[in-house]
Amino acid sequence: QVQLVESGGGLVQAGGSLRLSCAASGRTFSSYAMGWFRQAPGKEREFVAAISWSGGNTYYADSVKGRFTISRDNAKNTVYLQMNSLKPEDTAVYYCAAGLYGISRGRYDYWGQGTQVTVPS
């Protein structure tokens, strides 16, 4: 069992940066791939980024490639999402998830409660 708690969301102007954190409980964190997803009002939850259990592999949605960076610190049981050059279309609730490496929601078994990111237009 893994419990996930996101933090770091907030209101930021277009072009600004935020770093989201996701703290995991449980001794098996390092055995899971981690992903970030987001859901804007009225839209489906969509994939943002994923990182393998070792951190050696990462994958990004085209919409965030070059602007967002996913990383993890297995010693701290934490995964991060550094978001730069934020745009209004990045506004969403951001969720972290633990499971199997990939872009599909179905590959992730555990989810956090989400953190709101707002980028006003």
Side-chain angles (χ1 to χ4, degrees):
Q1 190 81 5
V2 177
Q3 293 183 322
L4 305 171
V5 179
E6 302 96 335
S7 62
L11 177 70
V12 62
Q13 296 303 311
S17 298
L18 278 177
R19 188 175 82 155
L20 305 183
S21 298
C22 174
S25 64
R27 292 173 291 178
T28 58
F29 172 78
S30 61
S31 65
Y32 288 98
M34 298 297 295
W36 284 98
F37 290 75
R38 67 186 181 186
Q39 188 167 17
K43 295 189 175 181
E44 294 285 321
R45 191 172 300 189
E46 66 175 4
F47 169 78
V48 175
I51 188 165
S52 61
W53 67 271
S54 67
N57 292 290
T58 58
Y59 192 79
Y60 298 92
D62 288 343
S63 58
V64 307
K65 200 172 296 182
R67 300 188 298 122
F68 291 10
T69 302
I70 188 171
S71 61
R72 68 189 296 163
D73 185 338
N74 286 343
K76 295 183 178 179
N77 280 12
T78 303
V79 63
Y80 306 97
L81 186 68
Q82 177 66 44
M83 306 186 295
N84 299 329
S85 303
L86 282 160
K87 304 175 181 180
E89 51 263 44
D90 296 318
T91 295
V93 177
Y94 284 71
Y95 300 87
C96 71
L100 298 175
Y101 186 67
I103 67 172
S104 170
R105 287 178 292 174
R107 297 183 69 81
Y108 295 87
D109 297 314
Y110 304 102
W111 293 82
Q113 83 290 347
T115 186
Q116 176 71 47
V117 172
T118 302
V119 187
S121 56

Visitor: Under 4.5 Å between side-chain heavy atoms, counting indirect links through other Ile/Leu/Val/Met/Phe/Trp/Tyr residues: same cluster for Tyr95 and Leu100 or not?
Guide: no

Visitor: Would you say the side-chain atoms of Thr115 pair up with the backbone N or O of Gly9, donor to acceptor, closer than 3.5 Å?
Guide: yes

Visitor: When you look at Met83 and Val117, which way does the side-chain contact (heavy atoms from CB on, under 4.5 Å) test go after all the steps?
Guide: CA-CA 10 Å; Met83 306 186 295; Val117 172; 3.8 Å; yes

Visitor: Do you know which two heavy atoms are closest between Ser121 and Pro88, and how far apart they sit?
Guide: CA-CG, 3.7 Å

Visitor: Is a salt bridge present between Arg38 and Glu44, judged by a nitrogen-to-oxygen distance below 4.0 Å?
Guide: no

Visitor: Does one hydrophobic cluster hold both Val93 and Leu4, with members joined at side-chain heavy-atom distances below 4.5 Å?
Guide: no

Visitor: Quick test of your reading of the model: are Lys65 and Asp62 salt-bridged, counting only N-O distances below 4.0 Å?
Guide: yes

Visitor: Just wondering, are more than 12 heavy atoms of other shown residues or ligands nearer than 6.0 Å to CD in Gln3?
Guide: no

Visitor: If you compare all heavy atoms of Val48 against all heavy atoms of Val64, which two are closest, and at what distance to 0.1 Å?
Guide: O-CG2, 3.5 Å

Visitor: Show your working on side-chain contact (heavy atoms from CB on, under 4.5 Å) between Lys87 and Val119 and close with a plain yes or no.
Guide: CA-CA 6 Å; Lys87 304 175 181 180; Val119 187; 5.6 Å; no

Visitor: According to a 4.5 Å side-chain heavy-atom criterion applied to Ile, Leu, Val, Met, Phe, Trp and Tyr, with indirect links allowed, do Ile51 and Tyr59 form part of one hydrophobic cluster?
Guide: no

Visitor: Nearest 0.5 Å, what's the OG-CG distance between Ser25 and Asn77?
Guide: 8.0 Å

Visitor: In Å and rounded to the nearest 0.5 Å, what is the CG to CD distance from Leu81 to Glu6?
Guide: 11.0 Å

Visitor: Identify every side-chain donor-acceptor pair in residues 28-35 under 3.5 Å, counting partners at least two apart or on other chains, and give the distances.
Guide:
residue, atom, partner, partner atom, Å
Ser31, OG, Thr28, O, 2.6

Visitor: How many angstroms lie between atom SG of Cys22 and atom CZ of Arg72, to the nearest 0.5 angstrom?
Guide: 10.0 Å

Visitor: Verify the cluster assignment for Phe47 and Ile70: are they in a single hydrophobic cluster under the rule of side-chain heavy atoms below 4.5 Å apart?
Guide: no

Visitor: Check whether Tyr101 reaches the backbone of Thr58 with its side chain - one donor and one acceptor, N or O, closer than 3.5 Å.
Guide: yes

Visitor: Give the intermediate values and the outcome of side-chain hydrogen bond (donor to acceptor under 3.5 Å, both in side chains) for residues Asp73 and Thr78.
Guide: CA-CA 5 Å; Asp73 185 338; Thr78 303; over 6 Å; no

Visitor: As an exercise, state the distance from CZ of Arg67 to CD of Gln82, rounded to the nearest 0.5 Å.
Guide: 12.0 Å

Visitor: Do Asp109 side-chain atoms and Ala97 backbone N/O form a donor-acceptor pair below 3.5 Å?
Guide: no

Visitor: What about Phe37 and Tyr108, are their ring centers closer than 6.0 Å?
Guide: yes

Visitor: With Arg19 as the cation and Tyr80 as the aromatic partner, state whether NZ or CZ is under 6.0 Å from the six-membered ring centre and within 45° of the axis.
Guide: yes

Visitor: Does Trp111 share a hydrophobic cluster with Tyr94, counting links as ILVMFWY side-chain heavy atoms below 4.5 Å and allowing steps through other members?
Guide: no

Visitor: Can you name the nearest heavy-atom pair linking Gln13 to Pro120, along with the distance?
Guide: NE2-CG, 4.1 Å

Visitor: Looking at OG1 of Thr69 and CG of Asn84, how far apart are the two atoms once the value is rounded to the nearest 0.5 Å?
Guide: 6.5 Å

Visitor: Using only atom types and a distance under 3.5 Å, with no angle test, would you say the side chain of Ser52 pairs donor to acceptor with the backbone of Asn57?
Guide: yes

Visitor: Quick check for you: to the nearest 0.5 Å, what is the distance between Leu20 atom CG and Cys96 atom SG?
Guide: 9.5 Å

Visitor: Looking only at heavy atoms, what is the nearest atom pair of Gly102 and Ala50, with distance?
Guide: O-CB, 3.8 Å

